[in-house]
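Here is the structure we will look at, set down as structure tokens.
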Amino acid sequence: MESKAKLFGHPVHQMLIVFPLGLLATSAVFDILYLATGSGAWSEVSFWIMLAGVVGGLIAAVFGLIDWLAIPPGTRAFAVGALHGIGNVIVLALFFTSWFFRTDHPQQPRLAEIILSFAGVGLALVTGWLGGELVDRFGVGVHAGANLNAPNSLASAPARRAGPTFR
């Protein structure tokens, strides 16, 4: 099933999710550095990276919703997509809550705020796996003619299913 939101022939959601996933996971790494060193500089970096990750996640979610709405209801892919989307809304809520409660003290987050971000990372591992299921197992966002010898997505020739050709 091809993506409904594409840029230069590629699914926008799949292009965008790398940013919030990377940023949010990195914010948790900086929280670990804060816990290990006690340096407020690490937690302040985490604070700003977390905000960027949440904003990026909201942007990516719009394109994910567009693609999910194109999946036929009643399919297993539709159900997995719903879990993926709802789970990622919770991930963003966990990180946003952590960020929000740090706003008056970004260099000295409380343990509860750090735990929220760690919970967000843990859930993101699950929702990321569900996203992988959608693409790799169900073919959501994959061009119908995808094959090992398909032409470039910017080429005028359409990709067509073909038997393997080895050279």
Side-chain angles (χ1 to χ4, degrees), residues 1-32 45-100 116-167:
M1 186 197 107
E2 284 190 62
S3 173
K4 298 302 177 196
K6 295 191 283 189
L7 178 66
F8 302 120
H10 294 284
V12 175
H13 179 69
Q14 292 174 18
M15 284 190 261
L16 292 180
I17 54 103
V18 297
F19 296 108
L21 277 176
L23 288 165
L24 295 173
T26 301
S27 75
V29 169
F30 281 107
D31 278 344
I32 292 169
V45 170
S46 174
F47 175 81
W48 292 110
I49 290 175
M50 196 178 300
L51 177 61
V54 168
V55 170
L58 291 171
I59 294 167
V62 170
F63 295 97
L65 178 62
I66 291 168
D67 284 345
W68 178 70
L69 290 172
I71 299 171
T75 62
R76 191 162 174 284
F78 188 85
V80 170
L83 287 173
H84 171 72
I86 292 166
N88 280 322
V89 167
I90 295 169
V91 167
L92 292 177
L94 288 166
F95 276 103
F96 178 79
T97 302
S98 176
W99 175 85
F100 180 79
L116 285 170
S117 70
F118 290 170
V121 168
L123 183 55
L125 290 170
V126 174
T127 60
W129 180 83
L130 290 170
E133 285 286 287
L134 288 166
V135 175
D136 297 333
R137 300 291 287 184
F138 301 121
V140 173
V142 177
H143 190 282
N147 68 79
L148 297 177
N149 290 309
N152 182 301
S153 61
L154 299 176
S156 60
R160 292 191 177 96
R161 277 274 177 216
T165 305
F166 301 99
R167 294 177 195 200

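Heavy atoms only: backbone and side chains are in, while hydrogens, waters and symmetry mates are out. Numbering of residues begins at 1 and proceeds along the displayed sequence.
For the residue pair Ile90 and Leu123, the shortest heavy atom distance occurs at CG2-CD2, 3.5 Å. Here the closest heavy-atom approach between residue Ala28 and residue Val121 is recorded as CB-CG2, 3.6 Å. A pairwise comparison of heavy atoms in Val140 and Gln14 identifies O-NE2, 3.5 Å as the closest pair. Shortest non-hydrogen contact noted between Ile66 and Ala5 is CG2-CB, 4.1 Å. Considering all non-hydrogen atoms of both residues, Gly53 and Leu92 come closest at O-CD2, 4.3 Å. Between Leu24 and Val54, the shortest heavy-atom distance links the atoms CD2-N, 3.9 Å.
The closest donor-acceptor contact from the side chain of Ser46 to the backbone of Ser27 lies under 3.5 Å. Side-chain N or O atoms of Ser98 include none that pairs as donor or acceptor with a backbone N or O of Phe95 at under 3.5 Å.
With contacts defined as side-chain heavy-atom distances shorter than 4.5 Å, the pair Val142/Val135 qualifies. You'll find the side chain of Asp31 reaches within 4.5 Å of the side chain of Met50, heavy atoms only.
Between Trp99 and Phe47, the ring planes are parallel. Angles under 30° get that label, and only those over 60° would be called perpendicular.
By the neighbour-count criterion of 12 heavy atoms within 6.0 Å, atom CZ of Phe19 is sparsely surrounded, having that number or fewer from other residues, nucleotides or ligands. In this structure, Phe118 places its CZ atom where more than 12 heavy-atom neighbours from other residues, nucleotides or ligands lie under 6.0 Å away.
Separation of atoms NE2 (His13) and CG (Leu16) is listed at 8.5 Å; rounding is to 0.5 Å.
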